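What you see is a predicted model, and the numbers here were worked out from it, not measured in a lab.
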Amino acid sequence: MNLMTRSLGLLTFSAGLLLVNGTNPQGAAHAQTADRGSATNSDESVQAKIARAMSAGPAEVAKSARIVDTDGHGTIVLREGNNGFTCMPGNPRVTGDPPMCSDAAAMQWSADFKAHKAKPSNTVPGITYMLAGATQRSDSDPYDTTSAPIPIGPHWMIMWPFDPKATGLPTTHRPNGAYIMWAGSPYAHLHVMGRP
């Protein structure tokens with residue numbers, strides 16, 4: 001069974017769990033993303049950016065994903081793709097702007113999140129890979145801009161409003177297993193530590 005099939009199976013399973021256990025999409029709107037407008041080093045080669053973006057996803061996903069970056073004027077396509085995933089190199093100098101690969105539902109989730117919408121508008125769970133690791137400031141407060149950066153190892157996420165009471169999952173970072181980040185907000189999502 002290939003990685004893409006397993007990932008899609010897990011998404012379907014997770015969506016089923018949500019339907020059985022219920023969710024709380026009415027929590028406080030409380031989210032933000034890294035400013036992807038802060039472009040990576042302009043002296044960096046396109047190939048270096050593509051390699052970093054691809055490091056975020058499983059090889060089966062990254063090899064056919066669209067690769068994009070941003071500059072002060074908007075999105076730049078570094079390479080076209082054909083599998084529905086978009087990978088971004090992020091900016092290694094900015095906390096909360098890691099390399100990542102996301103499907104269309106997760107991209108919508110992120111766009112809504114960045115726009116500070118009351119809740120995400122994706123109607124199915126999305127998936128985001130951050131297999132090159134990341135940094136963040138808080139497991140509970142996405143608006144935190146002052147706490148020391150927390151390094152996070154390789155992980156992947158299901159972008160859907162998981163409820164810790166329904167799932168029984170913890171709400172703080174753990175080096176192994178899974179936890180729910182930003183619990184209590186419509187932007188709560190599941191972190192699964194390690195590689196799929």
Side-chain angles (χ1 to χ4, degrees), residues 3 6-36 56-58 61 85 90 95-196:
L3 181 59
R6 286 194 327 246
S7 296
L8 292 173
L10 182 58
L11 278 174
T12 303
F13 174 73
S14 298
L17 281 176
L18 289 170
L19 291 173
V20 170
N21 291 323
T23 60
N24 180 14
Q26 301 302 319
H30 186 64
Q32 79 174 21
T33 56
D35 178 13
R36 288 207 157 287
V61 170
F85 275 84
T95 297
D97 192 5
M100 67 177 72
C101 292
S102 300
D103 67 4
M107 293 291 287
Q108 182 61 54
W109 187 98
S110 294
D112 293 341
F113 189 57
K114 186 173 181 178
H116 300 277
K117 292 189 176 179
K119 64 181 183 177
S121 60
N122 54 302
T123 57
V124 296
I127 188 165
T128 296
Y129 295 103
M130 293 185 182
L131 301 184
T135 56
Q136 65 188 42
R137 299 211 184 260
S138 173
D139 289 318
S140 59
D141 181 4
Y143 287 113
D144 185 344
T145 59
T146 60
S147 293
I150 302 167
I152 307 297
H155 64 284
W156 54 286
M157 301 172 288
I158 299 175
M159 312 314 272
W160 194 250
F162 282 85
D163 179 357
K165 291 177 185 166
T167 63
L169 291 169
T171 59
T172 56
H173 173 76
R174 44 191 307 169
N176 299 301
Y179 69 100
I180 297 174
M181 186 169 169
W182 300 334
S185 104
Y187 289 94
H189 57 283
L190 182 69
H191 269 232
V192 182
M193 300 307 296
R195 297 176 181 275

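For the residue pair Thr128 and Ser102, the shortest heavy atom distance occurs at OG1-OG, 2.9 Å. Here the closest heavy-atom approach between residue Cys101 and residue Gly57 is recorded as SG-N, 3.6 Å. Shown here for Thr135 and Pro149, the closest heavy-atom pair between the two residues is CB-CB, 4.4 Å. Heavy-atom minimum distance, Pro99 versus Met130: O-CG, 3.9 Å. Residue Leu131 comes nearest to Gly194 through the heavy atom pair CD2-O, 4.0 Å, listed as atom of the first residue, atom of the second, then distance. When all heavy atoms of Ala118 and Pro186 are compared, the closest pair comes out as O-CG, 3.3 Å.
The CH2 atom of Trp182 lies 7.0 Å from the NE2 atom of His191; values are rounded to the nearest 0.5 Å. Note that CD1 of Ile150 is 10.0 Å distant from OG1 of Thr95, once rounded to the nearest 0.5 Å. Note that the OG1 atom of Thr172 and the CD1 atom of Ile180 stand 11.0 Å from one another [nearest 0.5 Å]. Atoms CZ and CE, on Phe113 and Met159 in that order, are 7.0 Å from each other to the nearest 0.5 Å. One finds the CG atom of Leu190 at 4.5 Å from the CZ atom of Phe162 (value rounded to the nearest 0.5 Å).
At least one side-chain heavy atom of Met181 sits under 4.5 Å from a side-chain heavy atom of Gln136. Contact annotation: the side chain of Asn122 never approaches that of Val124 to less than 4.5 Å [non-hydrogen atoms, C-beta and beyond].
Partners of Pro154 by side chain to side chain contact (heavy atoms under 4.5 Å, CB included), not counting sequence neighbours, listed by chain and number: Arg195. Residues satisfying the salt bridge (charged side-chain N to carboxylate O under 4.0 Å, His left out) criterion with Asp112, sequence neighbours excluded, are Lys117.
Under a 3.5 Å cut-off, the side chain of Asp103 and the backbone N or O of Gly126 do not form any donor-acceptor pair.
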I'd like to know whether Trp109 forms a side chain to side chain contact (heavy atoms under 4.5 Å, CB included) with Trp160, so could you lay out the CA-CA distance, the side-chain angles of the two residues, the decisive distance to 0.1 Å, and finally the verdict. CA-CA 8 Å; Trp109 187 98; Trp160 194 250; over 6 Å; no

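The aromatic rings of Tyr179 and His173 lie perpendicular to each other, with more than 60° between the two planes, well past the 30° mark.
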